[in-house]
Amino acid sequence: MATRVKPVAPEHLGERAADLFGERFGTVPDGVWIAPGRANLIGEHIDYTGAKTMPFALPYATAVAVRVHSHDRLRVASTAYEDVWEGAVSEVEPGHPNGWPAYVAGVPWAMTYHDTIARMPGLDIAVHSSVPEGAGLSSSAALESAVALAIAELFGAATDDAGRRTLARDCVTAENIVAGAATGGMDQSVALRARQGRVMLLDCSSFAVEYLSLDLAAAGLALLVINTNAPHRLVDGGYALRRSTVERVWSGIGRAAVSEGTDIDEVLRRAAVDDPMLTGALRHVLTEIRRVDAVAALLRAGELAAIGSHLTASHASLRDDLVVSSVELDCAVAAALAAGALGARMIGGGFGGSVLALVRLDHIGLTLESVRRAAHDAGLPEPDFLHATPSGAARRVC
Ligand code: ADP
Ligand code: MG
């Protein structure tokens, strides 16, 4: 029988991070902060065009135990990795350190670069997370955001909504410049600004947010994350290629092209893009923007069950027009729908990662079993199932 991975309570995540801190650094941290991973209800591969997306925080999070000191040293440990990374504060720069420590050390570097804090401090940081890495649930932004909030609070930088917007910007700089990975700001905005029980209608050009209620249980529904355990591979170039394709077609078209009532086929004709890959990318962006608007209207009207068909249409668009799905994702979506899910789609950058399915509460067991069996029969990795109740943003836990 397939099971769902239960979220670990924030205080327990925090305890593990504090324990690791004691083991590795032989002292106690100044405090422990957590930040959540995220799922995106709808609006995929359009964040970096500046369009609106609809993400929410997951009840899975990353905890960081942090101590500030006056030496020119950074020490970083994680329960996910064996070695402690240690280096001079003054040596952190674009591309250094390499690998996972960049997602930690890059944050104080970016906060200093943007003058959010006056100077780069000496820090010891221990990390523990329940967000699966590389599953399209944004473990990278969860990690950066927990570190950013910790430093902001320890140094008296603003942490109200405007302050959190600034921190999200700093985290993007850390990931783009120090870690060298393409990210647009949606994930960090969720980790730092999400609200429990709400999805964010996030304008990815102004980063203004409208919070929309998503009371699934009251409607007899649940959202389920299916981690296919086929990691998305951002560094392999598939994501970057699609992203640059979308950016290229979009820069030739612009936001004005999708005002209400415009005929999408007409826009495609006018764009006169003769490469099928570019046409597909453009069609995906144009139709996905429409789907976000449609889902927002349904949520405002309290018609939760009706959003399912838009989720499924989004998957078809990502699979057929943008071509960023995978065998594992398609298999999970098809099996969830076959078991009676109201809608299902891949989330995140694609080429692996996770699926989000909207299911009736009394169908959860059936859906889990159907998806697990389909993966097994196709010789694919066994998926994990996660709860997807909209949760709160980054905060201090002890
Ligand atoms: P995603 O954000 O979708 O999970 P990314 O490739 O953007 O995938 O980010 C994953 C990377 O973030 C990992 O490869 C690692 O470098 C870093 N990371 C995430 N969680 C942790 C953790 N708990 N400990 C150390 N590094 C982590
Ligand atoms: Mg990421």
Side-chain angles (χ1 to χ4, degrees), residues 5 7-14 16-17 20 31-40 47 53 55-66 76-81 99-108 110-111 125-153 159 164-165 167-176 178-179 181-196 200 202 225 227 231-232 234 347-349 353-354 356 384 386-397:
V5 179
V8 181
E11 57 272 24
H12 292 141
L13 284 176
R16 279 291 301 277
L20 179 72
V32 183
W33 288 259
I34 65 162
R38 64 100 188 92
N40 192 13
D47 52 327
T53 63
F56 60 96
L58 292 171
Y60 302 84
T62 298
V64 297
V66 180
V76 188
S78 168
T79 51
Y81 296 87
W100 75 267
Y103 292 87
V104 182
V107 174
M111 290 173 80
I125 298 182
V127 181
H128 176 67
S129 182
S130 63
V131 186
E133 277 182 38
L137 306 177
S138 208
S139 66
S140 58
L143 176 53
E144 295 147 14
S145 301
V147 172
L149 186 67
I151 296 173
E153 288 196 8
T159 58
R164 284 169 180 252
R165 280 166 89 140
L167 296 179
R169 187 257 339 248
D170 295 347
C171 291
V172 172
T173 299
E175 185 157 343
N176 288 167
V178 180
T183 182
M186 170 173 77
D187 303 345
Q188 294 78 4
S189 298
V190 185
L192 286 155
R193 300 171 64 203
R195 288 192 194 155
Q196 192 157 356
M200 302 165 76
L202 176 69
V225 168
N227 175 7
H232 74 146
L234 288 190
I347 52 171
S354 298
L356 186 70
D384 288 322
L386 290 88
H387 297 244
T389 36
S391 304
R395 61 198 179 277
R396 187 173 185 158
V397 289

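Between the CG atom in L202 and the CG atom in D47 there is a gap of 8.5 Å [rounded to 0.5 Å]. The distance from the OG atom of S145 to the CZ atom of R193 is 11.5 Å, given to the nearest 0.5 Å. Atoms CZ and CD, from R165 and Q188 in turn, are 14.5 Å apart once rounded to the nearest 0.5 Å. Going from atom CD of E133 over to atom OH of Y81 covers 3.5 Å, rounded to the nearest 0.5 Å. In this structure, the separation between CG on L20 and CD1 on I125 is 12.0 Å, given to the nearest 0.5 Å. Expressed to the nearest 0.5 Å, how far CG of N40 lies from CE of M200 amounts to 10.5 Å.
Side-chain atoms of Y60 come within 3.5 Å of backbone N or O of H387 as a donor-acceptor pair. Looking only at distances, a side-chain donor or acceptor of S391 sits under 3.5 Å from a matching main-chain atom of T389. A donor-acceptor pair is defined here as one N or O able to donate and one able to accept, closer than 3.5 Å; such a pair exists between the side chain of R395 and the backbone of A393. Judged purely by atom type and a 3.5 angstrom limit, R164 uses its side chain to pair as donor or acceptor with the backbone of L192. At least one donor-acceptor pair under 3.5 Å links the side chain of S130 to the backbone N or O of A61. Under a 3.5 Å cut-off, the side chain of R38 and the backbone N or O of G136 do form a donor-acceptor pair. Counting only distance, with no hydrogens or angles, the side chain of N176 and the backbone of A181 share a donor-acceptor pair below 3.5 Å.
Judged as a side-chain hydrogen bond (donor to acceptor under 3.5 Å, both in side chains), and not counting sequence neighbours, the contacts of T62 are S129.
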*Show your reasoning for whether side-chain contact (heavy atoms from CB on, under 4.5 Å) applies to L58 and L386.*
CA-CA 9 Å; L58 292 171; L386 290 88; 5.8 Å; no

_Trace of the side-chain contact (heavy atoms from CB on, under 4.5 Å) decision for L13 with V397_ = CA-CA 9 Å; L13 284 176; V397 289; over 6 Å; no

*I would like to know whether V76 and W100 meet side-chain contact (heavy atoms from CB on, under 4.5 Å); could you show each step before the answer?*
CA-CA 10 Å; V76 188; W100 75 267; 3.4 Å; yes

*Assess whether side-chain contact (heavy atoms from CB on, under 4.5 Å) is satisfied between C171 and E175, documenting all intermediate values.*
CA-CA 6 Å; C171 291; E175 185 157 343; over 6 Å; no

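Listed here is the closest heavy atom pair of A388 and F56: O-CE1, 3.5 Å. The shortest heavy-atom contact between P7 and P59 is CB-O, 3.2 Å. Taking all atoms of both residues into account, the shortest heavy-atom contact from I347 to A39 is CD1-CB, 3.8 Å. Between A142 and A35, the shortest heavy-atom contact is O-CB, 3.3 Å. Contact detail for P36 and G392: the closest heavy-atom pair is CG-O, 3.3 Å. Heavy-atom minimum distance, A57 versus A194: CB-CB, 3.5 Å.
No option in L149, V172, I151 other than L149 meets the side chain to side chain contact (heavy atoms under 4.5 Å, CB included) test with L167.
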